[in-house]
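Shown next, in structure tokens, is the structure this report addresses.
A note on names: the letters A, B, ... follow the listed sequences, proteins ahead of strands, and every chain is numbered from 1.
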Amino acid sequence: MREIKAADISAAVAQMCMSANTMLPEDVRRKFEEGYKNESTEAGKEIFRQLLENADLSAETKLPLCQDCGLAIFYVELGEDVYVPGGINKAITDGMVAGYKDGFLRKSSCHPLERKNTGDNTPAIIHIDFVPGDKLKISYMAKGGGSENMSRVTMLSPSQGWEGIKKFVVQRVAEAGPNPCPPTILGIGIGGNFEQAPKIAKKALLRKLDDVHPDPKVAAMEAELLEAVNKLGIGPMGLGGSYTCLAVKIALAPCHIASLPLAVNVQCHSARHEEVEF
Amino acid sequence: MPTYTLNTPLTDADIEKLRAGDVVLLNGIIYSGRDAAHKKLMELLDAGKPLPFDLKGASIYYVGPSPAPPGRPIGAAGPTTSGRMDAYAPRLHALGLKASIGKGKRSDEVKQAMRDNKAVYFGATGGAGALLSKCITASKIIAFEELGPEAIREMTVKDFPLLVINDAFGGELYAKPKLDD
Ligand code: SF4
């Protein structure tokens with residue numbers, strides 16, 4: 001067994017929360033630069049200009065990129081030979097609470113009905129996968145409410161197939177319009193079941209915007225969906241233009257012979273995530 | 001694109017010259033308020049009690065800022081999705097609210113209320129929280145402190161950059177999605 005100290009995990013998680021909220025990932029910045037150069041509308045170009053300026057300012061002043069620092073989502077790959085005295089859940093939660101406090105990040109978690117803020121952004125939403133070996137990898141995502149609200153899960157009929165999937169995704173983006181702070185990134189979960197489809201959809205958002213899916217068929221599907229949603233012309237912040245969506249990331253999972261689960265997770269342009277390995 | 005520099009409180013004359021697509025640099029006092037604060041404002045109105053600020057000519061910014069770090073008046077402060085305040089906005093417009101500031105679509109009822117009461121809906125750039133924070137020169141909580149980020153703040157803004165999304169004449173800036181069917 002390899003022992004990893006809870007305090008080391010907490011410190012790394014705290015750091016990750018603070019830096020992800022102030023340092024726009026390089027791949028996202030490159031897309032903003034591309035959009036600024038190529039967007040067909042002046043209003044859309046101006047949005048990209050502001051977003052680039054915002055990213056510079058955030059890195060410099062350490063004010064968060066967006067005031068909605070999100071619920072804190074963690075994807076953990078925990079080696080079966082790793083032992084964390086005190087527990088991994090607590091180590092991550094403690095780190096998240098410290099990071100949100102020390103980084104002056106907004107706490108956005110509340111009771112669902114009484115709407116009282118929990119005050120420290122707890123609970124962290126932690127997904128743990130056990131993997132062989134003695135390594136630990138923690139990915140953090142700050143997921144804002146505006147884009148999450150535009151996400152959907154549906155249970156299609158297998159007969160609807162790819163055409164049904166495409167129709168649902170395009171319709172979703174059209175209905176969401178300016179609300180989720182476009183240009184967005186779409187995480188699409190196809191298959192699995194009612195709880196698995198949204199899980200793989202959101203996790204797909206951890207991929208780099210400019211990576212290419214290793215399965216050429218899926219890569220082609222991603223390209224087809226991206227083109228279809230960008231034809232909607234919603235544009236940056238809904239002001240019109242060719243950049244409604246920056247990237248589409250698809251994850252597939254086997255499903256029941258009776259089902260075709262589909263999840264669309266809408267991620268705003270403020271795609272904040274980071275990872276750390278032990 | 002016409003650009004106007006306006007001062008709060010806004011007047012009917014200010015609103016009448018604005019059209020969807022105009023750029024406005026807003027100066028003066030605006031009030032923050034989002035979901036929970038709006039609910040509380042409605043409770044005050046229902047009980048016949050005074051509101052924490054004068055609605056006449058007022059501008060409400062749908063924002064829940066991040067905490068102010070030392071040496072700054074406020075943290076990141078970009079807009080939240082306005083649609084969630086659609087249930088409350090018409091009543092506030094009828095009582096004198098001249099502008100709301102946010103991002104995303106408004107309901108037909110809100111658009112009608114803006115026509116009936118000479119008011120506008122401004123868009124600020126969502127996700128540009130650090131950039132917009134620069135234009136807020138002072139901020140203090142004036143009500144519902146217990147709501148944390150959702151408390152009502154009186155904010156002083158300088159050349160706060162806005163776009164007129166919905167004007168008082170039915171005009172709208174947002175692009176209509178191009179669907180085949
Ligand atoms: S949708 Fe994203 S960018 Fe827009 S306000 Fe929410 S977290 Fe910020």
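Proximity to chain B (any heavy atom under 4.5 Å) is restricted, for Leu51(A), to the side chain, taken from C-beta onward. Contacts of Ala20(B) with chain A are absent, with no heavy-atom separation under 4.5 Å from either backbone or side chain. Using a 4.5 Å cut-off between heavy atoms, Ser58(A) contacts chain B through both its backbone and its side chain. With a 4.5 angstrom heavy-atom cutoff, Pro69(B) touches chain A via backbone and side-chain atoms both. Heavy atoms of Ala43(A) lying under 4.5 Å from chain B are absent altogether. Proximity to chain A (any heavy atom under 4.5 Å) is shown, for Pro161(B), by neither the backbone nor the side chain. Of the atoms belonging to Ala128(B), heavy atoms from both backbone and side chain fall under 4.5 Å from chain A.
Using a 4.5 Å cut-off between non-hydrogen atoms, the part of residues 141-150 of chain A that approaches chain B consists of Gly146(A), Asn149(A). At a heavy-atom separation below 4.5 angstrom, chain B is approached by Arg106(A), Lys107(A), Asn117(A) within residues 106-125 of chain A.
The closest donor-acceptor contact from the side chain of Gln67(A) to the backbone of Gly78(B) lies under 3.5 Å. Using a distance-only test at 3.5 Å, with no hydrogens or angles considered, a donor-acceptor pair links the side chain of Asn54(A) to the main chain of Leu131(B).
Remark: Lys118(B) NZ is loosely packed, at most 12 non-hydrogen atoms of other residues, nucleotides or ligands lying under 6.0 Å away. The number of heavy-atom neighbours closer than 6.0 Å to CD of Glu43(B), taken from other residues, nucleotides and ligands shown, is above 12. Heavy-atom contacts from other residues, nucleotides or ligands closer than 6.0 Å to OH of Tyr88(B) number more than 12. Counted within 6.0 Å of CD on Glu42(A), heavy atoms from surrounding residues, nucleotides or ligands total 12 or fewer; the atom is thus considered open. Around NZ of Lys17(B), the count of heavy atoms belonging to other residues, nucleotides or ligands within 6.0 Å exceeds 12.
Between chain B and the residues Val173(A), Leu232(A), Thr61(A), Leu105(A), the largest count of heavy-atom pairs under 4.5 Å involves Leu232(A). Among Cys66(A), Gly238(A), Pro178(A), the residue making the largest number of heavy-atom pairs under 4.5 Å with chain B is Pro178(A). For the set Ser133(B), Ala77(B), Ser82(B), Gly102(B), the entry with the most heavy-atom pairs within less than 4.5 Å of chain A is Ala77(B). In terms of heavy-atom pairs under 4.5 angstrom with chain B, the leader among Pro64(A), Ala55(A), Gly240(A) is Pro64(A). Annotation: maximal heavy-atom pairing with chain A below 4.5 Å, among Gly75(B), Gly83(B), Pro65(B), Gly123(B), occurs at Pro65(B).
Of all heavy-atom pairs between Gly127(B) and Cys181(A), the closest is N-SG, 4.2 Å. In terms of heavy-atom proximity, Ala175(B) sits nearest to Leu239(A) at CB-C, 4.3 Å. Ala130(B) and Leu57(A) get closest at one heavy-atom pair: O-CD2, 3.5 Å.
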Kindly indicate, with the supporting measurements, whether the criterion side-chain contact (heavy atoms from CB on, under 4.5 Å) is fulfilled by Leu179(B) and Val170(A). CA-CA 9 Å; Leu179(B) 283 166; Val170(A) 171; 3.9 Å; yes
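Applying the ring pair (Phe, Tyr, Trp, His ring centres under 6.0 Å) rule to Tyr243(A) yields the partners Phe48(A); only residues at least two apart in sequence or on another chain are considered.
To the nearest 0.5 Å, the span separating CD1 on Ile165(B) from CE on Met237(A) amounts to 8.0 Å. If you take CD on Gln50(A) and OG1 on Thr125(B), they are separated by 3.5 Å, rounding to the nearest 0.5 Å. Separating the CD1 atom in Ile234(A) from the NZ atom in Lys176(B) is a distance of 12.0 Å, to the nearest 0.5 Å.
Residues in residues 48-73 of chain B take part in these side-chain hydrogen bond (donor to acceptor under 3.5 Å, both in side chains) pairs, two or more places apart or across chains: Tyr62(B)-Arg106(B).
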